[in-house]
> 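Can you keep this structure in mind? I'll have questions shortly.
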Amino acid sequence: MKSQLENIYNSAKSDIEKATTIADIDDIRLKYLSRKGEFNSIKKGLKDLSEEDKRTVGALANQITQDLENLLKEKHDCFYQKELNEKLQKDRIDITLSGKYTPQGKVHPLTSTTNEIVSIFQSLGFSVAAPEFSPEVETEYYNFDMLNVPKDHPARDVQDTFYVKGLEGVVLRSQTSGAQIHVMENQKPPIKIIAPGRVYRNENINARKNNFFHQIEGLYVDKNITFGDLKGVLNEFIRLYFGSARPTRFRSSFFPFTEPSAEVDVQCIMCQGKGCRTCSGTGWLEVLGCGMVDTNVLKGVGIDPDVYTGFAFGMGVERLAMLKYAIDDIRLFFNNDKRFLEQF
Ligand code: DAH
């Protein structure tokens with residue numbers, strides 16, 4: 001039995017010497033050392049030996065098993081290292097190579113400015129009117145008639161307003177003020193809304209004017225609303241939007257749908273009020289029109305002007321963005337030059 005054990009040991013040893021891969025090692029372990037392996041079948045014969053032989057042969061069997069285990073482990077570790085090194089060599093990555101550039105999309109500066117203005121007004125208790133109250137393709141009825149704009153007013157002229165071909169009385173809205181009418185027709189006071197959106201005008205394009213631009217309309221109708229409330233809200237808006245005091249002026253003005261009416265100018269940031277191309281030499285940029293809602297407008301939508309009063313405003317998003325970021329030409333917003341857009 002002893003010699004049988006030694007034979008198996010020698011044959012296992014020579015198998016191990018010939019092995020070249022981890023898979024070979026696994027096969028050898030299976031062949032000799034597993035439960036069904038050669039050693040085990042011999043060890044089963046131990047029980048027929050005398051007590052003394054059992055001890056010596058048993059000890060030898062254990063010794064040989066242990067030796068083979070050690071040899072297998074040694075080889076296994078050695079192949080493992082070798083295979084790992086080969087794999088590392090093959091899959092080597094050059095960490096000094098520059099990566100693939102993935103450009104990141106950004107929100108357009110007019111969108112982010114609109115979002116910022118909207119959230120300021122939300123913080124002052126205004127909510128955004130439902131989009132169906134603020135359509136871009138509008139009727140003259142909402143864009144002009146209900147806003148108390150007389151039939152012969154120059155703003156209606158084809159010079160200023162884009163009329164939709166073939167559709168009588170349909171225009172691309174020239175102002176967001178029509179949203180006021182839609183909202184007041186559908187809601188009872190108190191009304192406290194803003195309506196952001198795009199407007200169209202047949203303008204000669206220059207540094208300050210484009211033939212479409214963006215406005216944010218505001219309307220607050222309730223009992224006892226005064227011009228003081230209007231000034232308070234707009235001054236607070238300007239303070240929050242610019243983050244610091246900017247020279248600002250209320251200038252009296254005229255709009256058919258408000259009485260009294262005013263415009264708000266903010267000092268030109270490009271020239272600090274000295275006068276430049278952007279502000280056409282005046283030192284100021286007009287950012288919004290506003291006023292107390294005209295009694296004719298309130299009556300038109302069935303709101304009693306003896307009970308309710310209100311103020312309204314419409315501000316230009318491009319102008320406000322230009323003044324905040326010192327952008328000297330409105331056309332930069334629309335020609336999609338990445339060198340401009342990437343700065344935001
Ligand atoms: N819609 C006017 C414009 O586009 C701006 C404006 C003025 C809006 C006075 C208002 C307002 O709501 O009360 O020039």
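Keep in mind that what you see is a predicted model, and the values were worked out from it rather than measured. Atoms within a ligand are numbered from 1 in the order they appear, just like the ligands themselves. One is the number of the first residue; the rest follow in order along the sequence.
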> Pick, from Ser261, Gly218, Cys290, the option with the minimum heavy-atom distance to atom 9 (C) of ligand 1.
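Looking at heavy atoms only, Cys290 sits closest to atom 9 (C) of ligand 1.
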> Return yes when atom NZ of Lys54 has more than 12 non-hydrogen atoms of other residues, nucleotides or ligands closer than 6.0 Å, and no otherwise.
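Above 12, so yes.
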> Do me a favour and list the nearest non-hydrogen protein atom to atom 7 (C) of ligand 1 with residue, atom name and distance?
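For this ligand atom, the closest protein heavy atom is Gly289 C, 3.3 Å.
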> Provide, to 0.1 Å, the distance between atom 14 (O) of ligand 1 and the closest protein heavy atom, together with that atom's residue and name.
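Answer for atom 14 (O) of ligand 1: Arg201 NH2, 3.7 Å.
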> Does Lys106 qualify as a cation-pi partner of Phe344, given the criterion of NZ or CZ under 6.0 Å from the six-membered ring centre and within 45 degrees of its axis?
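That pair does not qualify as a cation-pi contact.
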> Between Tyr325 and Val287, is there shared hydrophobic-cluster membership here, with clusters defined by ILVMFWY side-chain heavy atoms closer than 4.5 Å?
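Per the 4.5 Å side-chain linkage, Tyr325 and Val287 are co-clustered.
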> So, 4.0 Å and heavy atoms of Met315: is ligand 1 close enough to count as a contact?
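Under 4.0 Å: no for Met315.
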> Does ligand 1 have a heavy atom under 4.0 Å from the side chain of Ala312, from its backbone, from both, or from neither?
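Both parts.
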> Got a donor-acceptor contact below 3.5 angstrom from the Asn148 side chain to the Pro256 backbone?
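The answer is yes, because a donor-acceptor pair under 3.5 Å joins these two groups.
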> For atom 8 (C) of ligand 1, find the nearest protein heavy atom and state the residue, atom name and distance (0.1 Å precision).
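Its nearest protein heavy-atom neighbour is Gly314 N, 3.3 Å.
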> For Glu342, is the CD atom crowded, meaning more than 12 foreign heavy atoms sit under 6.0 Å from it?
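Yes - once you tally the heavy atoms of other residues, nucleotides and ligands closer than 6.0 Å, there are more than 12.
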> With a cut-off of 4.0 Å, which atoms of ligand 1 are near a heavy atom of Thr258?
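Per the distance check, 13 (O).
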> For ligand 1, is any non-hydrogen atom under 4.0 Å from Phe313's backbone (N, CA, C, O), its side chain (CB onward), both, or neither?
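It is the backbone that gets close, since no side chain atom is under 4.0 Å.
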> For atom 11 (C) of ligand 1, what's the nearest protein heavy atom and its distance?
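Answer for atom 11 (C) of ligand 1: Phe257 CE1, 3.5 Å.
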> Counting from 1, what ligand 1 atoms have a heavy atom of Gln180 closer than 4.0 Å?
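Under 4.0 Å from Gln180, ligand 1 has these atoms: 12 (O).
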> If you measure every N or O of Ser174 against every N or O of ligand 1, does any of those distances drop under 3.5 Å?
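No: no nitrogen or oxygen of Ser174 is under 3.5 Å from one in ligand 1.
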> Work out whether the distance between some heavy atom of Glu263 and some atom of ligand 1 is less than 4.0 Å.
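Outside the 4.0 Å threshold, so no.
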> Around atom 12 (O) of ligand 1, find the nearest protein heavy atom and jot down its residue, atom name and distance.
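Of every protein heavy atom, Glu217 OE2, 2.6 Å lies nearest to atom 12 (O) of ligand 1.
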> Only heavy atoms of Gly291, strictly under 4.0 Å: list the atoms of ligand 1 that pass.
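Selected atoms, number and element: 13 (O).
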> Leu147 and Gly178: which non-hydrogen atoms are nearest, and at how many Å?
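Closest pair (atom of Leu147, atom of Gly178, distance): CD1-N, 3.7 Å.
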> Could you identify the single nearest non-hydrogen protein atom to atom 2 (C) of ligand 1 and state the distance to 0.1 Å?
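Minimum-distance protein heavy atom for atom 2 (C) of ligand 1 reads Gln175 OE1, 3.7 Å.
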> Scan side-chain atoms only and decide if Gln180 and Glu217 contain a donor-acceptor pair under the 3.5 Å cut-off.
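Side chains of Gln180 and Glu217: pair found under 3.5 Å.
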> Is there a donor-acceptor contact under 3.5 Å linking the side chains of Asn143 and Ser174?
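Yes, side-chain donor-acceptor contact under 3.5 Å.
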> Take every heavy atom of Met292, measure it against each atom of ligand 1, and state whether any distance is under 4.0 Å.
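Per 4.0 Å heavy-atom rule, Met292 does not contact ligand 1.
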> Measuring from Ile16:CD1 to Lys75:NZ, what's the distance to the nearest 0.5 Å?
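Separation between the atoms: 8.5 Å.
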> If you look only at pairs with a residue in residues 45-82, which of them pass as a ring-ring contact (aromatic ring centres under 6.0 Å, His included), with sequence neighbours excluded?
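Every candidate ring-ring contact (aromatic ring centres under 6.0 Å, His included) pair involving residues 45-82 fails, so no pair, neighbours aside, qualifies.
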